[in-house]
Amino acid sequence: MTPRELAAFAREGAGARTLSVYLDARVTDPAMRNAWRPALTTALRDARAAVADERERAAFDRAAAFLEQPLTAPGGVWGARGWVAIATADGLRYAAELPVRVPTLAVWRSGPVVSPYVRVLKEHVRSSSRWSTRAPRGSSATPGARSRRCPKRR
């Protein structure tokens, strides 16, 4: 999502009870590619424990059920370091892999939690701007080649 799309998404869902889940999905060992499942289970259990009202808990359980077999599951792509899913009792509203790590959390409240996603957008822009598509001055690299700018050594 772009910042503008994220803002519109947050405004649209502001009044609905929403389950927002962020997972650290970074995997360095292929055997651990499903390690996100226990992390998701723990985060959902902790968020559910904070819901006191029975009707609220039933709505939470319906929203959490949409995350049992997510269409965009964490760990499906080795390059994904994070994962986000936003669901209501009516269905899954958004799920995606993220290019940067996020803290694992699950929150049930009115409207989606978007502050971790804002940090993702900022971090992704910052990390992608570290690489230049132009060759540094005085370089013999061909135009359009990717080169990393390094500080001069003394």
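Along the sequence shown, the residues carry numbers beginning at 1. This one's a predicted model, so the numbers in the text were calculated from it and none came from an experiment.
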Checklist line | Pair R48-D61, salt bridge (Lys or Arg N to Asp or Glu O under 4.0 Å): steps then yes or no | finding: CA-CA 8 Å; R48 187 179 191 276; D61 291 341; 2.7 Å; yes

Check: Can you list the steps and then say if E97 with R81 is a side-chain contact (heavy atoms from CB on, under 4.5 Å)?
Finding: CA-CA 7 Å; E97 292 179 328; R81 296 182 176 184; over 6 Å; no

Notebook entry, point to check: Under a 4.5 Å cut-off applied to non-hydrogen side-chain atoms, are P116 and L105 in contact?
Noted result: yes

Checklist line | Nearest-0.5 Å distance, OG1 of residue T41 to CD of residue E68 | finding: 9.0 Å

Note to self: Give me the atom names and distance for the closest heavy-atom approach of A63 to W108.
What the structure shows: CB-CZ3, 3.9 Å

Note to self: Taking CD in E54 as the centre, count heavy atoms belonging to other residues, nucleotides or ligands within less than 6.0 Å. Is the count above 12?
What the structure shows: no

Item checked: Nearest atoms (heavy-atom pairs only) where T2 meets E5 -> N-OE1, 2.9 Å

Check: About how many Å separate CG of D90 and CZ of R62, when rounded to the nearest 0.5 Å?
Finding: 7.5 Å

Item checked: Exam field: side chain T104 to backbone D24, donor-acceptor pair closer than 3.5 Å -> yes

Checklist line | CA sep, side-chain torsions, deciding dist, call: L23, V102, side-chain contact (heavy atoms from CB on, under 4.5 Å) | finding: CA-CA 6 Å; L23 290 177; V102 291; 5.7 Å; no

Notebook entry, point to check: When you measure from the side chain of R109 to the backbone N and O of G111, does any donor-acceptor pair fall under 3.5 Å?
Noted result: yes

Item checked: Chi angles and distances behind the side-chain contact (heavy atoms from CB on, under 4.5 Å) call for W83, Y22 -> CA-CA 6 Å; W83 185 76; Y22 291 85; over 6 Å; no

Next item on the list: Taking R101 for its side chain and G82 for its backbone only, find out whether a donor-acceptor pair lies under 3.5 Å.
Entry: no

Next item on the list: Report yes if some heavy atom in the side chain of L44 is under 4.5 Å from a heavy atom in the side chain of L19; otherwise report no.
Entry: yes

Check: Looking only at heavy atoms, what is the nearest atom pair of P112 and S20, with distance?
Finding: CA-OG, 3.4 Å

Item checked: Full working for side-chain contact (heavy atoms from CB on, under 4.5 Å) between V118 and V120 -> CA-CA 5 Å; V118 170; V120 165; over 6 Å; no

Check: If only atom types and distance count, is the side chain of Y117 paired as donor or acceptor with the main-chain N or O of V84 below 3.5 Å?
Finding: no

Next item on the list: Keeping the roles fixed (side chain from E12, backbone from F9), state whether a donor-acceptor pair exists under 3.5 Å.
Entry: no

Check: Hey, does the Lys NZ or Arg CZ of R17 hover above the aromatic six-ring of F60, less than 6.0 Å from the centre and inside 45° of the axis?
Finding: no

Margin query: Using modelled atom types and a 3.5 Å cut-off, is there a donor and acceptor pairing between side-chain atoms of T42 and backbone atoms of L40?
Written below: no

Notebook entry, point to check: Closest approach of A47 and A106, non-hydrogen atoms and distance?
Noted result: CB-O, 3.5 Å

